[in-house]
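Numbers for residues simply follow the sequence, beginning at 1.
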Amino acid sequence: MASQGTANDSGDAEAKDLDAAALGPKVAEAIAAADAAGPQSGETVRVDSWIWSVRLVKTRSMGATACRGGHVRVNGDRVKPAHAVRVGDEVRLRHEGRERVVVVKRLIRKRVGAPVAAQCYIDNSPPPPPRDAVAPAGIRDRGAGRPTKRDRREMERLRGGLPGPGPGGGSGLGSDVGKDIGKTTP
């Protein structure tokens, strides 16, 4: 029985070596370093640490905050930051207005480069919305000069700031400005 376990382990190692060799020598070295930094057999990795190490979030504290806010689900369940992740788990992360759906392929604890991080999960995320679908608000022509008050209000309205002109549509500034100048209080 023990010989079968080592045969499977060597077959897995050969498959990893073939994948790494196809990507290039630098990526192969990085993958080997990630494997060395990974957990030993039987150990687990925290979900906040894993989503940070595979570069789904920028910092580990952002990963922990996302978990506490209910934005991270493992196999459909909301999880706390210390939840253990295993190979084969489906991790759903809502971050920056987008949902990422990944399946864990490899456990790592330390943050690695982007090519190596991409080897640690299978990305089943829906495609992001096209960039041109979001109209840029407030872009002015180069050399157009300083915006007028009307231009500025139009830009703020497009951004979703202040309401348009009309009753109660102004900023409220300037309506009472100057009325009390020169008056003395008793």
Should Val91 and Arg73 count as side-chain neighbours, where that means a heavy-atom distance under 4.5 Å?
->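 Answer no - side chains too far apart.
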Taking the side chain as every heavy atom from C-beta outward, state whether Met155 and Pro147 have any pair of such atoms under 4.5 Å apart.
->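 A side-chain contact under 4.5 Å exists here.
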Nearest 0.5 Å, what's the [atom1]-[atom2] distance between [X] and [Y]?
| X | Y | atom1 | atom2 | value |
| --- | --- | --- | --- | --- |
| Arg153 | Thr148 | CZ | OG1 | 9.5 Å |
| Cys67 | Asp48 | SG | CG | 5.5 Å |
| Leu56 | Leu93 | CG | CG | 6.0 Å |
| Arg46 | His83 | CZ | NE2 | 12.0 Å |
| Arg60 | Ser49 | CZ | OG | 5.0 Å |
| Arg94 | His71 | CZ | NE2 | 5.5 Å |

Just by modelled atom types, is the [Y] backbone N or O under 3.5 Å from a matching donor or acceptor in the [X] side chain?
| X | Y | result |
| --- | --- | --- |
| Arg111 | Trp52 | yes |
| Arg100 | Asn124 | no |
| Arg55 | Val112 | yes |
| Trp50 | Arg106 | yes |

For salt bridge (Lys or Arg N to Asp or Glu O under 4.0 Å), just list the numbers for Arg152 and Glu154, CA-CA rounded to whole Å, side-chain angles, deciding distance to a tenth of an Å, and then say yes or no.
-> CA-CA 5 Å; Arg152 182 182 53 81; Glu154 185 67 20; over 6 Å; no
Would you name the heavy atoms of Ala64 and Pro81 that are closest together and state the gap between them?
->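 Of all heavy-atom pairs spanning Ala64 and Pro81, the closest is O-CG, 3.7 Å.
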Side-chain heavy atoms under 4.5 angstrom apart, residues restricted to Ile, Leu, Val, Met, Phe, Trp, Tyr: same cluster for Val87 and Ile122?
->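 Different clusters: Val87 never reaches Ile122 through Ile, Leu, Val, Met, Phe, Trp or Tyr contacts under 4.5 Å.
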Stepwise side-chain contact (heavy atoms from CB on, under 4.5 Å) test for Arg98 and Ser125 | CA-CA 9 Å; Arg98 182 173 175 214; Ser125 303; 4.0 Å; yes
Chi angles and distances behind the side-chain contact (heavy atoms from CB on, under 4.5 Å) call for Val72, Ile51 = CA-CA 10 Å; Val72 178; Ile51 62 175; 4.2 Å; yes
Whether over 12 other heavy atoms sit under 6.0 Å from Lys80 NZ =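 No, the 6.0 Å shell around NZ holds no more than 12 heavy atoms from other groups.
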Option from Val54, Val74, Val85 for which side-chain contact (heavy atoms from CB on, under 4.5 Å) with Val104 holds |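 Of the listed options, the one satisfying the test is Val85.
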Can you check side-chain contact (heavy atoms from CB on, under 4.5 Å) on Met62 and His95, steps first, answer last?
-> CA-CA 10 Å; Met62 284 175 73; His95 182 61; 3.5 Å; yes
